[in-house]
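Note that this is a predicted model, so its numbers are computed, not measured. Throughout, a chain's letter reflects where its sequence line sits, starting with A, and its residues are numbered from 1.
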Amino acid sequence: MSTLAAFRRIIRSVPRGRVITYGQVAEAAGHPRSARLTVWALQGGHDLPWHRVVGAGGRISLRGADGEEQRLRLTMEGVSFRGNRVRIDVHGWIPGRRRGHRRT
DNA sequence: GCCTTGACAATTC
DNA sequence: AGAATTGCCAAGG
């Protein structure tokens with residue numbers, strides 16, 4: 001499978017109401033230190049749940065209107081925020097885990 | 001094949 | 001806390 005497909009597969013695996021970080025996508029796709037590849041993967045990704053991909057610590061990396069839309073979409077899915085950060089401790093998704101509850 | 005560009009991340013100052 | 005710095009990997013020019 002192509003690297004791109006691997007990344008997109010991970011992104012697509014994130015269910016509604018959950019979020020994943022760029023770094024985690026990369027890690028799950030087999031490129032542990034390449035968060036930027038997630039950016040690259042999202043670029044062609046029209047059909048991907050792009051709004052469920054957030055920055056480290058739950059930061060909304062998009063600026064302006066795009067960021068607001070992302071936040072809106074996430075909120076609509078039931079994702080809660082703390083300031084301008086998604087509560088990844090609550091909504092974080094880790095591929096392979098059915099119950100995204102972090103544990104140190 | 002070298003240089004630039006990315007919706008990033010961790011570190012350092 | 002915020003800016004700058006470096007690492008990362010693939011694509012496009």
**OP:** Identify the heavy atoms of A:Gln70 and A:Val53 that sit nearest to each other, and give their distance.
**Re:** NE2-O, 2.9 Å
Can you measure [X] atom [atom1] to [N] atom [atom2] for me and round it to whole angstrom units?
X       : N      : atom1 : atom2 : result
A:Ile11 : B:dC8  : CD1   : P     : 13 Å
A:Gln70 : B:dC8  : CD    : P     : 10 Å
A:Glu27 : C:dC9  : CD    : P     : 14 Å
A:Trp40 : B:dC8  : CH2   : C1'   : 15 Å
A:Arg85 : B:dC8  : CZ    : P     : 14 Å
A:Leu48 : B:dA7  : CG    : C1'   : 12 Å
A:Tyr22 : B:dA10 : OH    : P     : 14 Å
A:Phe7  : B:dG6  : CZ    : P     : 18 Å

**OP:** Go through residues 57-69 of chain A and report each residue with a non-hydrogen atom lying under 4.0 Å from DNA chain C, sorted by number.
**Re:** none
**OP:** Start with the C-alpha distance between A:His51 and A:Glu77, add both sets of side-chain angles, then the distance that settles side chain to side chain donor-acceptor pair (under 3.5 Å), and finish with yes or no.
**Re:** CA-CA 10 Å; A:His51 57 284; A:Glu77 294 187 352; 2.9 Å; yes
Original post:
Just checking A:Arg36: base, sugar-phosphate only, or nothing, at a heavy-atom cut-off of under 4.0 Å?
Top reply: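 Base: the residue A:Arg36, judged by heavy atoms under 4.0 Å, touches a nucleobase.
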Original post:
Do the side-chain N or O atoms of A:Gln43 get closer than 4.0 angstrom to the phosphate oxygens (OP1, OP2) of C:dA11?
Top reply: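 No.
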Original post:
So, does A:Ser2 use its side chain to make a donor-acceptor pair with the main chain of A:Ala5 at under 3.5 Å?
Top reply: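 Yes, the answer is positive, given that a donor and an acceptor are paired below the 3.5 Å cut-off.
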Subject >> Most 5' of A:Ala35 and A:Leu4 on DNA chain C, judged by nearest nucleotide >> reply: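 Nearer the 5' end of the strand: A:Ala35.
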**OP:** Over 60° means perpendicular and under 30° means parallel, so classify the ring planes of A:Trp40 and A:Phe7, tilted if in between.
**Re:**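 Perpendicular.
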**OP:** Check every atom of B:dA7, C:dC9, B:dA10 against the side chain of A:Ser34 and return the nucleotide holding the closest atom.
**Re:** C:dC9
**OP:** Ignoring the backbone of A:Arg33, work out which of C:dC8, B:dA9, B:dA7 is nearest its side chain.
**Re:**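 Of the candidates, C:dC8 comes closest.
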Subject >> Cation-pi, A:Phe81 ring and A:Arg71 (6.0 angstrom, 45 degrees) >> reply: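 Because its charged atom sits under 6.0 Å from the ring centre and within 45° of the axis, A:Arg71 does stack over A:Phe81.
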**OP:** Walk me through it: do A:Gln24 and A:Ile94 pass the test side chain to side chain contact (heavy atoms under 4.5 Å, CB included)?
**Re:** CA-CA 7 Å; A:Gln24 285 173 328; A:Ile94 294 172; 4.3 Å; yes
**OP:** Scan A:Leu62, A:Leu74, A:Ile20, A:Val79 and name whichever one has a side chain to side chain contact (heavy atoms under 4.5 Å, CB included) with A:Val54.
**Re:** A:Leu74
